[in-house]
Undergrad: 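Let me begin by handing over the structure; questions about it come next.
Naming convention: chains lettered A, B, ... in sequence-line order (proteins, then strands); numbering from 1 in each chain.
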Amino acid sequence: MNWALAVVVVLLAVFAVQYFFKTREVRNLQSRIVEYQNKQQFLNNLIADCMEYSKRNPAIDPILEANNIKPKAAGTKPTAK
Amino acid sequence: MSEQNLSTPSATSGTSDLSELKEHCAELQRQTHSLRVALLVVAICVAGFLALEGRRNGQALQLLRPQAAQVTEASKVQDPIANKFLAQLMDFAKGHQDFGAVLGKYVQRAPGAPAPTPTAAPAVAKPAPAAPPKK
């Protein structure tokens, strides 16, 4: 009986350590993925607002076009400064 | 005769005490054994639960690791582009106040944007004026 208890306690310790480290890694990876998704959402919202703003003020278009957010308008020449 | 009368009750009481103690001891041994069995069962259950959860976490890790690697790689590529884009937008907002209001939703201190938290900063920056505490 004592031997069985000792073996089970050792197994318990091993499984507990494995559980702790694996759970920690899962949480770290999940938080990294969620952070990336939040960043993507942030950029998507920002781009949507920029596109909405560009309807009112096309002066922002060169920035959007330079970043491949808005397709370059065909047949328009860049304004000379 | 008198010695026999005196010694007999003490001997019988001693044997009865001994048998009573043996019964107590046997009862305690039974209880200890049952408690050990219960402890063993509980420990096996907890160990099984931890092993199962560890296995599930291992399976989740097998799925999450490639995703996290992809996310890390994508972040390495996208972050400089996003930062450059934001810098361009902030430069643009310097000359366009109305866009500063738009950008102010995303960037804390966009040029031309209304202050996002006008009341929070002074409360942190300036402590209350030195007034004698009332006691």
Undergrad: To the nearest 0.5 angstrom, please state how far the CG atom of B:Leu86 sits from the CG atom of A:Asn67.
TA: 9.5 Å
Undergrad: Could you state whether B:Val42 and A:Leu12 fall into the same hydrophobic cluster, counting links through intermediate Ile, Leu, Val, Met, Phe, Trp or Tyr residues with side-chain heavy atoms under 4.5 angstrom apart?
TA: yes
Undergrad: Using 0.5 Å steps for rounding, measure from the CD atom of A:Gln18 to the CZ atom of B:Arg55.
TA: 12.0 Å
Undergrad: For B:Asn57 and A:Glu25, does a side-chain donor sit closer than 3.5 Å to a side-chain acceptor?
TA: no
Undergrad: State, with a plain yes or no, whether a side-chain heavy atom of A:Leu46 is found less than 4.5 Å away from one of B:Phe85.
TA: yes
Undergrad: Within the side chain of A:Tyr19, is there an N or O that forms a donor-acceptor pair under 3.5 Å with the backbone of B:Phe49?
TA: no
Undergrad: Kindly work out whether a path of hydrophobic side-chain contacts (I/L/V/M/F/W/Y, heavy atoms less than 4.5 Å apart) joins A:Phe20 to A:Val17.
TA: yes
Undergrad: Between A:Ala13 and chain B, which part of the residue has a heavy atom less than 4.5 Å away: side chain, backbone, both or neither?
TA: neither
Undergrad: Nearest 0.5 Å, please: how far is CD in B:Gln67 from CZ in A:Arg32?
TA: 12.0 Å
Undergrad: Taking side chain as everything from C-beta outward and backbone as N, CA, C, O, which of these in B:Gln78 sits under 4.5 Å from a heavy atom of chain A? Side chain, backbone, both or neither.
TA: side chain
Undergrad: As an exercise: rank A:Leu64, A:Asn2, A:Asn28 by heavy-atom pairs under 4.5 Å with chain B and give me the winner.
TA: A:Asn2
Undergrad: Check the angle between the aromatic planes of B:Phe92 and A:Tyr53 and answer parallel, tilted or perpendicular using the 30° and 60° thresholds.
TA: perpendicular
Undergrad: Go through A:Thr23, A:Leu11, A:Leu43 and name the one with the most non-hydrogen pairs under 4.5 angstrom from chain B.
TA: A:Thr23
Undergrad: Top residue by heavy-atom pair count (under 4.5 Å) with chain B, among A:Val14, A:Ile69, A:Val26?
TA: A:Val26
Undergrad: Taking atom CG of A:Asn57 and atom CZ of B:Phe99, what is their separation to the nearest 0.5 Å?
TA: 9.5 Å
Undergrad: Where on A:Gln37 is there a heavy atom nearer than 4.5 Å to chain B: the side chain, the backbone, both, or neither?
TA: neither
Undergrad: Examine A:Phe21 and A:Val10 and state if one hydrophobic cluster contains both, with Ile, Leu, Val, Met, Phe, Trp and Tyr joined whenever side-chain heavy atoms are less than 4.5 Å apart.
TA: no
Undergrad: Quick one: pull up CG in A:Asp49 and OH in B:Tyr106 and give me the separation to the nearest 0.5 Å.
TA: 3.0 Å
Undergrad: B:Asp79 versus A:Lys39: any side-chain heavy-atom pair under 4.5 Å?
TA: yes
Undergrad: Would you say A:Phe42 ends up clustered with A:Val34 if hydrophobic residues are merged whenever their side chains have heavy atoms under 4.5 Å apart, either directly or through other cluster members?
TA: no
Undergrad: Show your working on side chain to side chain contact (heavy atoms under 4.5 Å, CB included) between A:Ile60 and B:Leu89 and close with a plain yes or no.
TA: CA-CA 8 Å; A:Ile60 198 174; B:Leu89 290 180; 3.9 Å; yes
Undergrad: Which of the residues B:Val37, B:Ile44, B:Asp98, B:Thr72 is involved in the greatest number of heavy-atom pairs with chain A at under 4.5 angstrom?
TA: B:Asp98
Undergrad: So what's closer than 4.5 Å to chain A heavy atoms on B:Arg65: side chain, backbone, both or neither?
TA: both
Undergrad: How long is the span from the NZ atom in A:Lys22 to the CG atom in B:Leu50, to the nearest 0.5 Å?
TA: 11.5 Å
Undergrad: Tell me whether A:Phe15 is reachable from B:Leu52 by hopping between hydrophobic residues (I, L, V, M, F, W, Y) whose side-chain heavy atoms are closer than 4.5 Å.
TA: no
